[in-house]
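Below is one structure, written out as structure tokens; the observations come after it.
All figures in this text were calculated on a predicted structure; none of them were measured in a lab. Residue numbering restarts at 1 for every chain, and letters A, B, ... go by the order of the sequence lines.
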Amino acid sequence: MAAVLESLLREELSVAVAVRWIARSAQSSEDDPREAAALSSLRPLRKEFVPFLLNFLREQSSRVLPQGPPTPAKAPGSSTGLPGRSGGPPRGGRGARNQLFPPIEASSATAADAPSARRGGRRRGPGPARERGRGPGGLEEGVSGECLPWAGGRRPRSSGSPSSPSLARSDPPNLSNLEEFPPVGSVPPGSAGTKPSRRINPTPVSEERSLSKPKTCFTSPPISCVPSSQPSVLDTSPWGHGIPSGCRSLQEEREMLRKERSKQLQQSPTPACPTLEPGSPHPSRTGHLTAEPADPTRVSSRHRLELVALVYSSCIADSLESPLFQSVHDCVFFAVQVLEHQFHVLSHLDKGTLKLLAENERLLCFSPALQGRLRAAYEGSVAKVSLAMPPSAQAVSFQPETDNRANFSSDRAFHTFKKQRDVFYEVLREWEDRHEEPGWDFEKGLGSRIRAMMGQLSAACSHSHFVRLFQKQLLQMCQSPGGAGGTVLGEAPDVLNMLGADKLGRLRRLQERLVAPQSSGGPCPPPTFPGCQGFFRDFILSASSFQFNQHLMDSLSLKIRELNSLALPQPEPSDEDGESDVDWQGERRQFAVVLLSLRLLAKFLGFVAFLPYRGPEPPPTRELQDSILSLRSQVPPVLDVRALLQQGLRARRAVLTVPWLVEFLSLADHIVPMLDYYRSIFTLLLHLHRSLVLSKESEGEMCFLNKLLLLAVLGWLFQIPTVPEDLFFLEEGQLDVFEVDTVASEHGLDSMPVVDQQLLYTCCPYIGELRKLLASWVSGSSGRSGGLVRKITPTTTTGLGAQPPQTTQGLQAQLAQAFFHNQPPSLRRTVEFVAERIGSNCVKHIKATLVAELVRQAESLLQEQLVTQGQEGGDPAQLLEILCSQLCPHGAQALTQGREFCQKKSPGAVRALLPEETPAAVLSSAENIAVSLATEKACAWLSANITALIRREVKAAVSRTLRAQGPEPAARGERRGCSRACEHHAPLPSHLISEIKDVLSLAVGPRDPEEGVAPEYLEQLLGQLGQMLRCRQFLCPPAEQHLAKCSVELASLLVADQIPILGPPAQHQLERGQARRLLLMLLSLWKDDFQVPVPLQLLLRPRNVALLADTRPREWDLLLFLLRELVEKGLMRRMEIEACLGSLHETQWPGDFSEELATLFNLFLAEPHVPEHQLRACELVQPNRGTVLAQS
Amino acid sequence: MILTKAQYDEIAQCLVSVPPTRQSLRKLKQRFPSQSQATLLSIFSQEYQKHIKRTHAKHHTSEAIESYYQRYLNGVGENGAAPVLLELANEVDYAPSLMARIILERFLQEHEEAPPSKSVINSMLRDPSQIPDGVLANQVYQCIVNDCCYGPLVDCIKHAIGHEHEVLLRDLLLEKNLSFLDEDQLRARGYDKTPDFILQVPVAVEGHIIHWIESKASFGDECSHHAYLHDQFWSYWNSSEKESLILWLKSQSLVKFVIVGI
């Protein structure tokens, strides 16, 4: 081991090669053959290297880092009276301050490497964290019937070192505390055949301490292995953990060794004060703290320190673990180096930590560059994390929905359940009130009551009811979605409202500083049941009911499955604008709620499921173990977590599944990891852990914080004592078996930024250790440097007593809240829903009635205006202003009408939606609340918007009216539509236009010689036109107008005999009788069927008249006939026709045509009436019409 | 009746560089006797419009206009009764109505002091007897009645078809007792671009949920195929509707389709 390190330090080996060597058993082709050769000889030692390195670092640094001085700021005097080493390792009480000195070194051990790998731990291994650091109140302290079994205060270890248990939890990590940072390299439980340590005999430990102090320690000296040969001391706690008892003696041994060493190393003759903390053997330590800051220029063997830091960092980066320390300067230098290498991880920590790091003087001193980067990261960070524990006990709520008689088999069962519920809440309330009292004991105080209650649960269904209540209550009380910001100091909301947001924030910060736990149990705390969780755990233990446990497991499993498969929303991960960021807040919160619920449920499932098997320690002999294993392997798992894990990995939802699975497994007993089923899970998790490399971030990969969370929880799991270390070395060859195809779904939860710092810190409170350590360093040094801790001045509310009485409105609102509190949630939802809808309907109704009426008024006012002021009516904008000034005041009615509407409509809706059986008083209250809420909503909108609404609508009406002033189509709407009997079988207008257009084009030409129309076809066409005009179903005005025009064109062509007729070449012209029939049809259409004006004057336009000029011989009789018919039918007045004929003279015509035209004119004038014989005469004189005309 | 894409393409194939005249349409009818005149005309119009859109610009250069005008003048100078303008349009492969417009504009520029406004020109095209020159009036009129793809009469036919189908659709909806909002009602509610009908209660047709219906039966584009309209309609419906479907509707011997929102 040392040889490897030696080679490294002498630079015979490169760091990269060394790390590869540690990480892989096989040689890499990239390796220098010489280096590889050097290492290959050391191969058997490979597994030992990491623990060796860690121990090396720890021992080196612990020599120079002070262990015991109390906070200089707080008790400067006491520092002079430090005890010698005789008192044993520091613990409890003042120990909290003793650690002020080495924050940076410690920080590298806490936050920086917490996510990936921590110090301490097992022998070695390329994978997960090996840290075996035991926080105060380690796992093995067990329950011992106390309310805080896991994090309970540490008992004095020996009579010579008194400590104050109340402060025990605030211990920062203590490097020389062997419980917290035990040396690395220990015996896997169950391995036999090694010899006990030969150096110092283990000191027996008193029974009393056996309950409270950590027992699993890997305290053998590096390299040599010490077996657990000591007889185990059974943990008598109700669910005591297995405690590898052998370690206890080793620990002692270790401490004594350390004592010896410090004696040698430190020549401090300062008289010890035995009543104070042990562990600070050197007064100059205190001197270091107060007067001798770490100095970068005094770093010895800088280069070698750099190398070691690189190895350590590389180990962290590759999910591996990490002498040279001659002074505090070396330690600080090393720590800063490591921090520099781990900046990527640091930059993702919360804002508070970054600030503390950036403001750290030593860091500034040793690496201004890193300090600058940290400051930049701090300034860019938005990750504010509150370390305050969420308020633990929330008000006990009744769940009337579960009280439904219909859910019970009998009245008796129902009543029993109700009674039980009462007992349960009574017990819970009592616990809330008393559990913090000294001397109060759960079992003693409540045990019998709980068991009596459980005894009453006879029917299976009663159990399931109670379990549902239990689980609901558990979730309600213990689930703490981070960042939700609980009540401050438990104050009533109205008092806090008086403070204002700014002061409220200040109050929160102050509260956090005062009540946030100083330490959550060191960098690697054991599984605990903090806060309310303790109640539920103790309840389960005290109840000790098999049926209850079974039902609870069923229920928890079901809920876990349900939540685990919950489809969490997955918005597009691409867009990063602010808006989607806002959306993300909601998604994150939902994810956090689900994740925390799952973790809570899984923890309790693990607790209950493994409760029967939980023993003090692994079975001592192989035979016993084998028999237990063969027995246990028959038991199916309570929940198929392996399948869920595999599913989760495949669906890329590891970020949801793994954290709760870790919680579940953390409560497993010692045998569990040896069972094939669970062993495969651990292997899978190990593989996952190794595959998550923080420094690698690629497209579609897991988000950094997601990865960090997984690494942190996995790292934490792997160091739990029940997880045997050998697990991590045996599987190396088998990893591929568990390769999981994660490519299956590209966009799982894993690649969504679902984890934020708050969730990370909530799930892994130990990550917050760094911040706490830095904060206490700051507060410790503040006395000297002028105070970096900003004072938070609490604000007192002035004259709280003389507060004016609350307004009726406020009181009403509170009454409503209180009312809802006592009712089922569905009632509240119903009332709120009704209020929301009715309020909205009210606004719509006002729009449709009041506003519409005002618009009508506006229109008639406008009409009047237009009549009085003539067509123009004046400037529209001005008109609008006048109208609005007249009408807008009426908008005030909207509020009255709105109130009436809500008053009228809401109660009915509430009544319809609530159960029939709702008591009258409840119903009427609900109705009243709905009315007032709806009114509030509607009136708020109306009073803000009614004027603008009226204005808008009136404006639209004005422009509509003004537009309508334009020339109106004359024949609109009078005779629209056909008779009811009509079946609309007439040809379509489009078809007729098209057909007539074809006839026109044929007539106008050019045409092929064989082209023409049949006279019958023309008749049919006009007949269809008549049909269509009478049906009108599909007719629109433009089509009718075009048809009218076309019909006139057709008439002109008929008159001019220009329509080519199909038939023998000689007969290309229409017979006169046929032509006249067609003209009469047209006349009838014009007179009776067209509803648009027919442009008959076109008939006498030069262009149409000119058609006659082209015909040889010219035939005027049809025109004359048509004109006379027009007059006859009243389609044109004589005057009109005369005017048209008169204007024809203005056109240039060929000479003879002018003459004939003049004759026609005279003829028409001369014959006011159109006698039949005249027409006949015309026909008769056809051969020489011109002459006839002239004669007549 | 459903017209396949292949059939459409076959018809369109015959329409390359064919003048939009009655004669062309007649030939088309002889070639595809199984298709109705309305369908053929509609395809003709569709294809011809595409052609005109491509070539429109080259007929509107000042050189082109001048040369057309000179040719027109020469033509009518020789024989005012001959179909000079129509033949010119056919010769240069341009729509007769559009050619009439070019010449009319040019003519008015020459004879009026102020450049003619669009509305004046449109009015003259609708009623050529307003054209001061008798010969030109006849030429223009000839162009208009002979053009089966452009001109005020064709526009009117298109409009009439659109209206008819809207009526048809409304009747069908009423007949099927489907509650709907029509365009006017929608406009009153502040929609700017609307389909013809929005169904107040969606219906399922052949497995598709239909929310809205747009009658797209106007003369010109009823034969546009799916993708084309699909794209066009995205601008109307970019939010809730995921897809649109074109349904062919056969009723009263009309082949037409509607686009329905899904």
Side-chain angles (χ1 to χ4, degrees), chain A residues 952-953 956 960 983-1008 1010-1011 1028 1031-1043 1045-1046 1048-1050 1052-1053 1095 1097-1107 1109-1110 1147-1149, chain B residues 21-23 25-26 36-38 41 80-84 86-87 90 96 126-148 151-168 170-171 188 190 217-219 251-254:
Chain A
R952 197 181 71 204
E953 294 293 312
R960 210 161 44 226
E983 286 177 23
H984 314 310
H985 288 322
L988 291 166
S990 60
H991 171 73
L992 289 175
I993 303 171
S994 186
E995 295 291 301
I996 294 173
K997 174 175 166 284
D998 274 358
V999 174
L1000 295 177
S1001 72
L1002 204 62
V1004 170
R1007 59 179 172 260
D1008 298 335
E1010 73 279 6
E1011 280 186 307
M1028 189 275 290
C1031 170
R1032 311 193 73 83
Q1033 168 77 358
F1034 297 101
L1035 191 58
C1036 59
E1040 195 175 359
Q1041 283 159 12
H1042 273 276
L1043 279 168
K1045 200 189 279 175
C1046 289
V1048 174
E1049 295 287 346
L1050 196 63
S1052 283
L1053 290 166
Q1097 64 284 356
L1098 281 180
L1099 290 167
L1100 294 173
R1101 287 283 166 78
R1103 190 180 74 79
N1104 299 60
V1105 172
L1107 291 171
D1110 298 338
T1147 317
Q1148 289 284 321
W1149 302 107
Chain B
T21 57
R22 191 179 71 251
Q23 289 86 346
L25 195 61
R26 194 177 60 219
S36 75
Q37 170 152 343
L41 185 57
V84 177
L86 184 64
E87 279 170 5
N90 291 340
R126 272 199 299 273
D127 177 12
S129 35
Q130 294 172 16
I131 295 171
D133 181 278
V135 176
L136 181 58
N138 283 333
Q139 296 283 344
V140 167
Y141 189 71
Q142 193 173 40
C143 282
I144 286 166
V145 293
N146 275 293
D147 193 331
C148 64
L153 268 173
V154 175
D155 290 344
C156 175
I157 293 169
K158 288 180 185 177
H159 183 266
I161 291 176
H163 178 78
E164 286 153 17
H165 288 81
E166 224 176 287
V167 173
L168 205 61
R170 177 194 306 272
D171 288 352
S218 69
F219 193 58
S251 171
Q252 300 205 344
S253 76
L254 273 174

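- At least one side-chain heavy atom of B:Pro152 sits under 4.5 Å from a side-chain heavy atom of A:His1042.
- Across all non-hydrogen atoms, the minimal contact from B:Arg22 to A:Ser1001 is NH1-OG, 2.9 Å.
- Here B:Val145 is the residue among B:Ile131, B:Val145, B:Asn138 with the most heavy-atom pairs under 4.5 Å with chain A.
- For A:Leu1098, the part sitting under 4.5 Å from any heavy atom of chain B is the side chain, from C-beta outward, and nothing else.
- When side chains are defined from C-beta on, A:His991 does not count as touching B:Ile161, because their heavy atoms never get closer than 4.5 Å.
- In terms of heavy atoms, A:Leu988 sits closest to B:Glu164 at CB-OE1, 3.5 Å.
- Proximity to chain B (any heavy atom under 4.5 Å) is shown, for A:Leu1002, by both the backbone and the side chain.
- Interface remark: B:Gln23 contributes side-chain atoms only to the contact with chain A (heavy atom separation under 4.5 Å).
- Side-chain contact check for A:Arg1103 and B:Ser129: no donor-acceptor pair (N or O, by modelled atom type) lies under 3.5 Å.
- Looking at A:Pro1102, there are no atoms closer than 4.5 Å to chain B (heavy atoms on both sides), in backbone or side chain.
- Identified under the salt bridge (charged side-chain N to carboxylate O under 4.0 Å, His left out) test for residues 994-1003 of chain A, with sequence neighbours left out: none.
- For A:Lys1045 against B:Arg126, the heavy-atom pair with the smallest separation is NZ-O, 2.9 Å.
- Contacts with chain B were tallied for A:Pro1006, A:Ala1039, A:Pro1038; A:Pro1006 has the most, counting heavy-atom pairs under 4.5 Å.
- Of the atoms belonging to B:Asp127, heavy atoms from both backbone and side chain fall under 4.5 Å from chain A.
- Every salt bridge (charged side-chain N to carboxylate O under 4.0 Å, His left out) that A:Asp1008 has, sequence neighbours left out, goes to B:Arg26.
- Between B:Leu153 atom CG and A:Leu1000 atom CG the span is 7.5 Å, to the nearest 0.5 Å.
- Heavy-atom minimum distance, A:Leu1035 versus B:His163: O-NE2, 3.6 Å.
- Within the 4.5 angstrom heavy-atom criterion, only backbone atoms of B:Ile144 (N, CA, C, O) approach chain A.
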